[in-house]
Amino acid sequence: MIELVEYIAKALVDYPENVSVNQVEGEQSIILELKVDPEDMGKVIGKQGRIAKAIRTVVKAAAAKEGKRVVVEII
Amino acid sequence: MKILEKQAKTVDEAIKQALDELKMSRDEVEVEILEEGNRGIFGFLSKMAKIKVVVKPRPEEIAIKFLKGLVKFIDNDVKIHSSLNNGVLNIEIEGENAGILIGKHGSTLDALQYLTSLVTNRNSKDFTRVLIDAENYREKREKTLERLAMRIANKVKETKRSITLEPMYPNERRIIHTALQQIPGVKTKSIGEEPYRRIVISLG
C-alpha cells in the first residue's frame, strides 16, 4: 500500500524526491501518512479535496482486495 | 525516450536540422543548448553550435504508462486498450476483477480517470480528455440513468410535485439533463454546490 500511495503522489507533484509515506498499523486499520513538499500540497489535495478523495478511492480499492481498511492522511 | 544531438553553424540551424530529421514540430520536442556557437572573425575562432533534442512522450504514452503502473496495485492481470480521437483518449481496461476497478457507482473508475487525466495533462499545453471504461460500465450506467430520469419524470407529471435527485457528478447530471430535454411537460435544473450539486426535476 505504501508503494501505491507513493506511486500516485510522485506522478502528481513537482518535487517527487520530497514525497514520503509512513505506515502506522492500528488495531483494525492501517494509516498511511503522506508527506509532500509544502509547495506540492495543492497537487495532492486539489480543489475541495478532489485529488485527495481520488487517491483515497484508489487505495481503498487496492486494500479491499487484501481485506484491510486503509486510511490515507496527508500531513 | 528518443534523444538526438546536432551540430550546425547556429543554434536555429541545428534545431531545424534535428526537426527535419525527426519529422516533428518544435512543440513535440525539448531542446537543450550544449554550445551556443560563435561566428568568429573572418572565419577564425568560429565554433559550431551544438544542441540536444529530446522527444517529449506523447500524452497517450504518459497516460497508459501511469495507468498500467497504477492498476497493477489493484489487479495484476489486466489488459489495457486505448484509442485517440480528436484530443479524446479512450481507454478500456479488461481484467478478472473488473468489479473492483469499477467500484460503487463507478467511483473507482472515476478516480482512476481523474488521476490519469491530471498526470497526462500536467506538463502539456494541449488538453487531452481522458475517458476510462471497464466492462462497458459507462454505457450501462448511461442507460440506467436515462431510465431513472424517465421514471422520475413520469412521477413528477403524475404527482405534480418537483423531485430532487441525490448528488451526482457533472457527467452524470449531463446525461439526465439531456435525456429529459426532449420530454414535454417537465424541466430540469441543478442546485447546490459541487460536489453536492443535485438535479431538480419539476413541471414545466
Side-chain angles (χ1 to χ4, degrees), chain A residues 1-23 25 29-74, chain B residues 57 59 61-78 91 93 95-124 128 130-132 134-135 137 167-171 192-197:
Chain A
M1 285 308 131
I2 290 187
E3 292 86 6
L4 172 58
V5 178
E6 252 175 21
Y7 178 80
I8 301 171
K10 283 187 174 169
L12 293 169
V13 300
D14 289 333
Y15 303 99
E17 64 278 12
N18 292 346
V19 169
S20 69
V21 181
N22 187 26
Q23 179 166 325
E25 297 263 355
S29 56
I30 298 168
I31 300 166
L32 296 171
E33 298 174 332
L34 167 63
K35 222 172 169 177
V36 298
D37 192 280
E39 274 186 48
D40 280 330
M41 279 305 255
K43 295 241 162 73
V44 291
I45 295 175
K47 272 187 206 148
Q48 287 162 327
R50 199 174 161 203
I51 301 174
K53 196 177 161 216
I55 296 174
R56 289 189 179 113
T57 304
V58 172
V59 171
K60 225 178 267 173
K65 203 183 65 176
E66 293 177 19
K68 278 181 195 155
R69 214 178 88 85
V70 178
V71 183
V72 179
E73 278 176 14
I74 297 163
Chain B
E61 288 171 349
I62 301 172
I64 301 294
K65 191 175 166 232
F66 173 72
L67 185 64
K68 270 193 180 152
L70 185 55
V71 163
K72 214 172 55 197
F73 289 98
I74 303 173
D75 189 345
N76 264 324
D77 191 27
V78 292
I91 305 176
I93 310 176
E96 289 277 307
N97 299 316
I100 294 179
L101 288 168
I102 293 168
K104 195 184 170 196
H105 287 330
S107 57
T108 308
L109 214 49
D110 285 336
L112 293 172
Q113 178 173 295
Y114 181 54
L115 292 173
T116 306
S117 172
L118 285 174
V119 171
T120 307
N121 292 301
R122 216 167 76 81
N123 292 318
S124 91
T128 305
V130 178
L131 297 174
I132 302 183
E135 301 260 304
Y137 173 80
M168 283 174 193
Y169 287 117
N171 55 343
E193 293 295 317
E194 302 285 4
Y196 302 108
R197 219 164 146 70

For this session: Verify the neighbour count for atom CD of B:E194: are there more than 12 heavy atoms of other residues, nucleotides or ligands below 6.0 Å?
Result: yes
For this session: Let me know if A:K60 has heavy atoms under 4.5 Å from chain B in its side chain, its backbone, both or neither.
Result: neither
Seminar exercise, completed: Output for pair (A:I8 CD1, B:L118 CG), nearest 0.5 Å, gives 11.0 Å
Problem set entry | Contacting moiety of B:F73, where chain A heavy atoms sit under 4.5 Å | both
Exercise. Taking everything shown except A:R69 itself, do over 12 heavy atoms lie less than 6.0 Å from its CZ?
Worked result: no
Exercise. Between B:N97, B:L112, B:L115, which has the largest tally of heavy atom pairs under 4.5 Å with chain A?
Worked result: B:L115
Exercise. Is any residue of residues 10-22 of chain A within less than 4.5 Å of chain B by heavy atoms, and which ones?
Worked result: A:A11, A:L12, A:V13, A:D14
Exercise. Any idea which of A:A61, A:A63, A:A64 has the most non-hydrogen atom pairs under 4.5 angstrom with chain B?
Worked result: A:A61
For this session: Could you pull out the closest heavy-atom pair between B:A111 and A:A54, with the gap in Å?
Result: CB-O, 3.6 Å
Seminar exercise, completed: In terms of heavy-atom pairs under 4.5 Å with chain A, the winner among B:T108, B:V119, B:I62, B:L70 is B:L70
Exercise. A:R56 versus chain B, heavy atoms under 4.5 Å apart: side chain, backbone, both or neither?
Worked result: neither
Problem set entry | Nearest non-hydrogen partners of B:S107 and A:T57, listed with the distance | O-CG2, 3.7 Å
Exercise. Using a cut-off of under 4.5 Å for heavy-atom pairs, which of A:K43, A:R50, A:Q48 has the most such pairs with chain B?
Worked result: A:R50
Exercise. Would you call the rings of A:Y7 and B:F66 parallel, tilted or perpendicular, where under 30° means parallel and over 60° means perpendicular?
Worked result: parallel
